[in-house]
Amino acid sequence: MDLYDSLNPQQCEAVRHFEGPLLILAGAGSGKTRVLTHRIARLIEEKGVNPWNILAITFTNKAAGEMRERVEQMLGSVGSVWVSTFHSTCVRILRRYIDLIGYGTNFTIYDGDDQKTVIKEVCKHLQIDTKIFRERGFLNAISAAKDELVGPEEYAQKVEGDLRLQKTAQVYREYQARLKSSNALDFDDLICKTVELFQRVPEVLESYQERFRFILVDEYQDTNMAQFRLVSLLASKYRNLCVVGDDDQSIYKFRGANIGNILNFEEDFPDAKVIRLEQNYRSTQSILDTANEVIRHNEGRKSKTLWTANPDGEKVKFRQFMNGFEEAEYVAETIAGKMRGGEWKYGDCAVLYRTNAQSRLFEEKFLLANIPYKIVGGVNFYARKEIKDVLAYLKTIANAEDDLAVRRIINVPKRGIGAASIGHVQEYAIARGIGFFEALKNADKIPGVGRTGLKMRGFVDLIRTFRSKAEFFTVKELIEDVLNVTGYVKELEAEGTEEADERIANIDELLNKAASFDEEFGGEEESGEQSGRSLLDRFLEEVALVADIDDFVENPDHVVLMTLHSAKGLEFPVVFLVGMEDGLFPSYLSISSEDPMDLEEERRLCYVGITRAKRELTLTCARQRMVRGDVHYNRVSRFVEDIPDEMLVKQESAPEPRQAERPARAQNQTAYQQARDAFRAKVFVPQQFQVKKARTLDYGVDDRVRHVKFGDGIVKDIVEGGRDYEVTVEFDRVGQKKMFASFAKLEKI
DNA sequence: GGTTGGAAACTTTTT
DNA sequence: GTTTCCAACC
C-alpha cells in the first residue's frame, strides 16, 4: 500500500496516529487536507474502522465536499463516512431528536435577514426606540451569548444593574420566544440546541458517542465555545479526537471563534499528541518569507516557522497609486498583460480585498478590459429578494408554522392584503397563541379585517392546493407551478427593466439548482437519518446552509474577486492583495480598538492573504480613496511596513505599462477600447479638478450660471475654502443650493 | 392600500 | 455613493 509514499515524516506520523487525542498544527499550505483524508483512509483500510463510526467536521460545505471527494478517490465509495459542516451535522441530529427538547422536527432555519426582521418586531413590541438601541447591537449580543451557550434566563441574571444590557436581555428573551413559536432556529441555535439536547437527554448523546468513535475537526482555530463543547461532548467517551488548525489563521473572532480552543488543546486533553506541519508545498520562498515577516509581529502564537523546498521565485511586488481607480486599472492591465504572455490563464489570478465594497472598482475595470471575472461573496444568492420570495412559498408549503415566510409572501405578488389587515390577523394569532397561518384560516371572524378576509381565504386555499401538489411534484415542478399560478415571473417580465431581467435570471438559476437536486436525490431510497422527510424539506434545508463560497468552482477560466475571509483555504498562482492601507487594512476599527488582539487578528488576516499565493504576489494601495462618498487619505498599511525593504520590489506609481501599450492601441481602436477611453475620461475628469483646486472661477457674485442638473440660477455668494470655493446659487427651479466649484462645474451664461 | 420621495444607514469580516 | 426604510401623499 502506497498510502505513505507521498507524505513527509510529520504527515506520516499524523496519519499513523491511531487512538487518543491528536492536535495537528498545520501551517498554511502544509497539506492538511491531504493528512486528514489519508487519516480517514488509513482508519478504514488498515485499522478496520467502520466508516460509519467516523465523523469529519469542516466549516464550509465546499471544504466538506472536497474532503469527501478526495476520500472517495482513495477508497471508492465512502457513503457512510459522515463528512459535513458543523451546522449541517447539527441539523441532521436535530431533525431526528429535537422534539425531545420541545421543538418540532420540521423546524425552519432563519438566516440573518430573518433574524433582523424578528428583532425589529420585537423592538416594536417592547417599545424600544431603535434610534437609541440599534437592532444590529442586539443581534450581535444575542449571537455572542449563544456562542457562549448563555440562554435568555441566564443572560438576564448576569446583567443586573446595566440598563442597556437589561434591554438586551428583554429582547433576547422575546426573540427566542418568537423563534420558538415559529418553530424556527437561527444559525447559532443549531449548535447550542444540539448541545442542549446532548446535555438534557444523555441517551441521545450516548448513542452519538457510540456512533462517532473517531472525530476529525478541520479549521479548529475557528471554533467557538459552543462548537468546542459540542465536540468535547461527542468525543468524551472514546477520546479519539483529531483536530487540525493553525492559530495564525484564526480570523473569525468577531463571530465568536475562540483562539484559546487551539492554544489550550493540550490543557483540555493532557495526553494529546501534538504534531507540527511546517513544510509548505504551496508557495515560493519569497512569498513565504514575506508571510513570516508579517506574522512574526504577533504575540501569543504557537511558534512555528514555515519553510519550503520550492524555488525562491519572483520577489513580492508592492505598488502605491494615487487612487482606487488607478489601482484597479493597474490590476486589470497587469492581468491582461499576463494573458498576452500566454503563461497564465484568467483562472490563475485572484484579487483579494478587506471589504466587499472594494469589489466594485475592479468589476468596472474588468468589464471594460473584457476580463472574465467572478465575484464571490457580497449578497448570498439565497439572500436575494426574488429567491427569498420563492423560498418563502416553499417554506410556507412545507412548514405551516413559519410565520415569517407566510407574512413575506401573503401579498407577493400583490393580492390587496395590506399591512393593516396583516396586523389584525397577527394580533388575533398572538392573543390566541396560534400561528399566523392558523389565524388566517379564520380570517373572516377576525375583527377589523372585513372584506380582505375573502382574499385571505383565497390565499389559504392557494397554499393548500400547493401542499397537495407537493406530495407528488419534484421540487422543480413545484417551483414552476408556484411561479405560474402566482404570476411572479410574469410580473417581473412586465417590468422590463434590467434589474427585473436579472431577477428572472436568478430564478432560472434557482430552477436549475432545484432540477439538479431532484436528479441527485429524487430517485434515492430514503435512508436512515432522512426517512420520513420529503424531498422539499431536504431541499429547503440544503439551501439554508449554503454560503456563497460553496458554489465556487476552481476550474472555470475567470479571475476571482473575494474578501480575504472568503479566500481562506484556497490558493491561486497569481494573487493581488489590494487596498493595503492603514484604516482600510488593518481596518480603522481594529487600529482604534483598545484590545490589541483586534489588530493581531487583522495581521493574521494579512497572513492568510499572503499565503494564498503560489507563484506571484502583488500588494497594492492607494493614497486617496473614496469611502462612503468622501475622500480619505491613507498611509501605507503597517503590514507592508513590517516587511523589510529588500524583500519587496517597490515601484512608485509611474504608470509605465500604460504608456508602453499606447501606440499599439491607437493603431487598432476597437469599439470597446473607445468605450473604455470614454469611460476613463468620464471617471477621471472630476479627479483632476479635485487636484487642481479650480484656482480661478470665470464667474462672480450676481452672475447667471448654468448647472447640469439644477438648470440656471444667480450666484449669491462665493466663499474661499481650504482648497476649493464654496458657491451659493439661487436656482430658478430648485431654489438655493451650496456647492463646491470644482464639483459643480458651473457655466457662466 | 399603494406609490413615491427623501432621509438615514451603511462598510469589517459570515456559517 | 448606494441601498434601505419610512412617512406623507395619492
Side-chain angles (χ1 to χ4, degrees), chain A residues 57-64 84-91 109-113 115-117 120 124 130-131 134-136 139-140 143 146-147 185-191 219 222-224 226-227 250-257 324 352-361 364 376-380 382-383 385 411 413-423 450-452 455 499 544-550 562-568 579 583-593 598-599 601-602 604-606 608-609 625-632 683 686 743:
Chain A
I57 303 179
T58 62
F59 268 83
T60 65
N61 296 299
K62 180 175 152 54
S84 72
T85 65
F86 267 106
H87 295 271
S88 41
T89 302
C90 289
V91 169
I109 301 164
Y110 278 2
D111 67 11
D113 275 357
Q115 288 180 291
K116 213 170 149 201
T117 311
K120 249 186 223 155
K124 197 171 257 175
T130 52
K131 296 249 156 57
R134 303 226 158 278
E135 289 109 327
R136 188 75 245 153
L139 268 180
N140 288 339
S143 180
K146 288 183 177 180
D147 286 345
L185 301 181
D186 64 23
F187 284 129
D188 301 315
D189 282 337
L190 295 178
I191 313 288
E219 308 278 15
D222 288 329
T223 51
N224 62 30
Q227 289 160 334
S250 163
I251 55 174
Y252 283 109
K253 183 173 159 228
F254 71 95
R255 206 170 65 192
L352 309 180
Y353 36 76
R354 179 67 178 83
T355 67
N356 276 308
Q358 287 166 263
S359 65
R360 235 196 69 239
L361 283 174
E364 280 172 10
V376 176
V379 187
N380 186 332
Y382 293 102
K385 181 180 173 298
N411 203 27
K414 306 252 181 311
R415 298 192 175 86
I417 303 173
S421 311
I422 293 175
R451 274 187 298 144
T452 318
K455 297 171 185 164
E499 194 194 329
L545 295 174
V546 298
D548 206 44
I549 188 73
D550 296 330
M562 64 177 116
T563 63
L564 290 157
H565 283 87
S566 303
K568 195 174 69 152
L584 183 64
F585 187 33
S587 75
Y588 180 71
L589 268 100
S590 67
I591 294 173
S592 50
S593 164
D598 288 344
L599 195 63
E601 173 136 327
E602 294 276 310
R604 290 193 292 270
L605 193 54
C606 183
V608 167
R625 184 176 294 275
M626 289 284 256
V627 182
R628 285 195 291 212
D630 38 35
V631 181
H632 285 219
V683 169
F743 286 103

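Convention: sequence-line order gives letters A, B, ...; per-chain numbering from 1. Model, not experiment: these values are computed from the prediction.
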Q. Quick one: A/Q227 CD to B/dT15 C1', roughly how many Å, whole number?
A. 8 Å
Q) At under 4.0 Å, does any side-chain N or O of A/S587 touch on OP1 or OP2 of B/dT11? A) no
Q: Mind checking A/T85 for me? I need base, sugar-phosphate or nothing, with any heavy atom below 4.0 Å counting as a touch.
A: nothing
Q. Within a radius of less than 6.0 Å around OH of A/Y588, do more than 12 heavy atoms belonging to other residues, nucleotides or ligands occur?
A. no
Q: Figure out the CG/P separation between A/L361 and C/dG1, and round it to whole Å.
A: 12 Å
Q) A/Y252 on top of B/dT13's base, within under 5.5 Å and under 30°? A) no
Q: Return the 5'-most residue of the pair A/T563, A/A420 with respect to DNA chain B, ranking by each residue's nearest nucleotide.
A: A/A420
Q: Specify the separation, in whole Å, of atom NZ of A/K62 and atom P of B/dT15.
A: 13 Å
Q: Tell me whether the OP1 or OP2 atom of B/dT14 has a side-chain N or O from A/K568 closer than 4.0 Å.
A: no
Q: May I ask you to say what A/N356 touches in the nucleic acid, namely base, sugar-phosphate or nothing, with a heavy-atom cut-off under 4.0 Å?
A: sugar-phosphate
Q. Looking at C/dC5, B/dT15, B/dT11, which one has an atom nearest to any side-chain atom of A/A357?
A. B/dT11
Q. How would you label the contact of A/E602 with the nucleic acid (heavy atoms, under 4.0 Å): base, sugar-phosphate, or nothing?
A. base
Q. Base, sugar-phosphate alone, or nothing: which one does A/K414 contact when heavy atoms must sit under 4.0 Å apart?
A. sugar-phosphate
(Q) Of the listed nucleotides (B/dT14, C/dG1, B/dT15), which one gets closest to any side-chain atom of A/R360? (A) C/dG1
Q.
Whole angstroms only, please: what is the OH-P distance between A/Y588 and B/dT13?
A. 18 Å
Q: Measure from the side chain of A/K120, starting at C-beta and using heavy atoms only, and say which of C/dC5, B/dT14, C/dG1 lies closest.
A: C/dC5
Q: Determine, for A/D186 against A/K146, whether the closest basic-nitrogen to carboxylate-oxygen distance falls under 4.0 angstrom.
A: yes
(Q) For the aromatic rings, using the six-membered ring if either is Trp, is the centroid distance between A/Y252 and A/H565 under 6.0 Å? (A) yes
Q: Could you check how far CZ of A/R136 sits from C1' of C/dT4, rounded to whole Å?
A: 15 Å
Q.
From CD of A/Q358 over to C1' of C/dT2, roughly how many Å is that when rounded to an integer?
A. 16 Å
Q. Starting at the 5' end of DNA chain B and moving along, which residue's nearest nucleotide shows up first, A/N411 or A/F86?
A. A/N411
Q | Euclidean distance, atom CG of residue A/D186 to atom P of B/dT15 [Å, nearest integer] | A | 15 Å
Q) Say you pick atom C1' in C/dC6 and the same atom in B/dT11; how far apart are they, in whole Å? A) 22 Å
Q. Shortest non-hydrogen contact from A/S590 to A/D598?
A. CB-O, 3.9 Å
Q: May I ask you to say what A/K455 touches in the nucleic acid, namely base, sugar-phosphate or nothing, with a heavy-atom cut-off under 4.0 Å?
A: nothing
Q: Check whether the side chains of A/T58 and A/T85 place a donor and an acceptor atom closer than 3.5 Å, and report yes or no.
A: no
Q) Which part of the nucleic acid does A/F59 contact within heavy-atom distance under 4.0 Å: base, sugar-phosphate only, or nothing? A) sugar-phosphate
**Q.** Residues A/D188 and A/S143: side-chain donor-acceptor under 3.5 angstrom
**A.** yes
Q) Roughly how many Å is it from CD1 in A/I591 to P in B/dT11, rounded to a whole number? A) 18 Å
